[in-house]
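Everything on this sheet refers to the single structure shown next.
Position 1 is the first residue of the sequence, and the numbers go up from there. All ligand and atom numbering here is 1-based and tracks the order in the structure.
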Amino acid sequence: MSVSDCFIIDFPKITDKRGNLSFIENNCHIPFAIKRVYYLYDVPAFAERGGHAHKHLTQVLIALSGSFDVHLDDGQHKKIVTLNKPWQGLLISNNVWRELKGFSSGSTCLVLASEYYVENDYYRDYVEFLHSMSV
Ligand code: TYD
């Protein structure tokens, strides 16, 4: 997997004078079954989240409010994606290092994950990640 396997997904957006509504249905709008949902909130502007890659897990990140930058790195290529639209998600495949930075005030990040939380699925050491990607 590489950064080119990471892409933006547009979710349905229903607009009327009361505001907007988007929805995500399991196995329909994203290419995996959702096993876990988590979210980041009250993130200080100086904070950096992520700083890891997953061995098997795929996930979709959504900026439900505010904005932040997602730095993607597969060991060979890098890409920065700014998320700031609640009707869009960024799919991040396995074996891609990600760092989340530049959180705006009050931003929230919703994450839809293909797997339950398993610490052993993480690369948390960048050098180890690079070594694993090169063999
Ligand atoms: P971490 O992976 O460092 O968060 P992020 O990548 O967003 O910066 O997770 C922070 C802590 O929360 C860590 O101790 C693991 C724990 N955690 C869970 O227990 N369950 C979960 O679903 C997640 C995502 C994290």
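In this structure, Lys78 contributes its side chain and His71 its backbone to no donor-acceptor pair below 3.5 Å.
Within 4.0 Å of ligand 1, counting heavy atoms only, the contacting residues are Arg36, Tyr38, Leu40, Arg49, Gly50, His52, Tyr117, Tyr122, Arg124.
Aromatic ring centroids of His29 and Phe23 lie under 6.0 Å apart. Aromatic pair Tyr123/His54: centroids not less than 6.0 angstrom apart.
Look at Glu99 and Arg49 and you find no salt bridge, because none of the NZ, NE, NH1 or NH2 atoms lies under 4.0 Å from a carboxylate O.
Atom OH of Tyr41 is surrounded by 12 or fewer heavy atoms from other residues, nucleotides or ligands within 6.0 Å.
Between Trp97 and Phe129, the angle of the ring planes lies from 30° to 60°, which puts this pair in the tilted group.
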